[in-house]
Amino acid sequence: MKKLERNFYKRSAIEVAKELLGKYLVHEYKGNKLIGKIVEVEAYMGIEDKAAHSYGGRRTVRTEVMYKEGGYTYVFQIYGMYYCVNIVTSEVDIPQAVLIRALEPIEGLEEMSRNRYKKSYEELTAYQKKNLTNGPGKLCLAMNIDKTLNGEDLCNDRLYILDNKEKFNIVYSKRINIDYAEEAKDYLWRFYIEGNRYFSKK
DNA sequence: GTACTGATATGCT
DNA sequence: GCATATCAGTACC
């Protein structure tokens, strides 16, 4: 499989979001290689999207990286305890991003299990196995993604995405937990792979 | 399986 | 001060 290149990311968040489904997110560190298949995403369309951190052109230390060209990560901390990973898309000064909401664990399950529960994979209950990476905060823990990876270039070798040609149906639905976003909360900007058991929520 | 609660960084008013 | 792009633990079906 081939690593996705810069041009893949330099399009609107909605286009990139749909095409990210089924692709492999890879994190290499300290001799570990963790891989998860992207099964659920949400598009955040920047300036015009009330749900986006960059709505109305808001620009702070936290949101700065979204103003870069596509192909970088935007990692932010939420509720004081958890991280969420986004993929920055589009061009410079167009602050769009795709939130990764769920992964299917592919490689490095033992390491993911230790990152999440401090236990080996064999010791996990069925419930814990299913919950390894099926939510934005959970997958960050499992993949060992934190603030130090904010602004990381996905065209490097530390964190990147592999292409994958797989056929599946894409389900369109409303985004999660953005009730404050008025009319924007009803936009169908959340996409997931139909029938995959590792997505976060109906 | 659902319902409730608490943890607490960042940016806004 | 207050709200948020969340999750785990507990209690109860």
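Below, chain A is the first sequence line, B the second, and so on; all start at residue 1.
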A:Thr125 (side chain) donor-acceptor with A:Gln128 (main chain) under 3.5 angstrom: yes

A:Asp163 (side chain) donor-acceptor with A:Lys3 (main chain) under 3.5 angstrom: no

Close aromatic pair by centroid cut-off 6.0 Å: A:Phe76 and A:Tyr83: no

OP1 or OP2 of [N] under 4.0 Å from side-chain N/O of [X]:
| X | N | answer |
| --- | --- | --- |
| A:Arg101 | C:dT6 | yes |
| A:Lys147 | B:dT10 | yes |
| A:Arg58 | B:dC12 | yes |

Separation of [N] [atom2] from [X] [atom1] (nearest whole Å):
| X | N | atom1 | atom2 | result |
| --- | --- | --- | --- | --- |
| A:Asn177 | C:dA3 | CG | C1' | 13 Å |
| A:Arg59 | B:dG11 | CZ | P | 14 Å |
| A:Glu64 | B:dT10 | CD | C1' | 16 Å |
| A:Tyr117 | C:dG9 | OH | C1' | 12 Å |
| A:Asn150 | B:dT10 | CG | P | 11 Å |
| A:Arg62 | C:dT4 | CZ | P | 13 Å |

Flag if over 12 foreign heavy atoms under 6.0 Å of NZ, A:Lys130: no

Interface residues of residues 73-95 of chain A with DNA chain B (non-hydrogen, below 4.0 angstrom): A:Gln77, A:Tyr79, A:Gly80, A:Met81

Strand-adjacent residues in residues 119-146 of chain A, judged by heavy atoms under 4.0 Å from DNA chain B: none

Check ion pair A:Glu166-A:Lys37 (N to O, under 4.0 angstrom): yes

Pair A:Asp179 + A:Lys185, salt bridge at N-O below 4.0 Å: no

Check: A:Tyr160/A:His27 side-chain N/O donor and acceptor closer than 3.5 Å: no

Between A:Glu42 and A:Tyr44: side-chain donor-acceptor atoms closer than 3.5 Å: yes

Distance, C1' atom - from B:dA9 to C:dG9, rounded to whole angstrom: 22 Å

Strand DNA chain C in bracket notation, Watson-Crick/G-U under 3.5 Å with | for pairs to another chain: ||||.|||||||.

Least distance between heavy atoms, A:Ile145 atom then A:Val75 atom: CG2-CG2, 4.0 Å

Evaluation steps, side chain to side chain contact (heavy atoms under 4.5 Å, CB included), between A:Phe8 and A:Glu19: CA-CA 9 Å; A:Phe8 177 90; A:Glu19 291 190 30; 3.6 Å; yes

Partner of A:Asp153 by salt bridge (charged side-chain N to carboxylate O under 4.0 Å, His left out), out of A:Arg6, A:Lys68, A:Arg158: A:Arg6

Touch class at under 4.0 angstrom, heavy-atom based, for A:Leu99 against every strand present: base

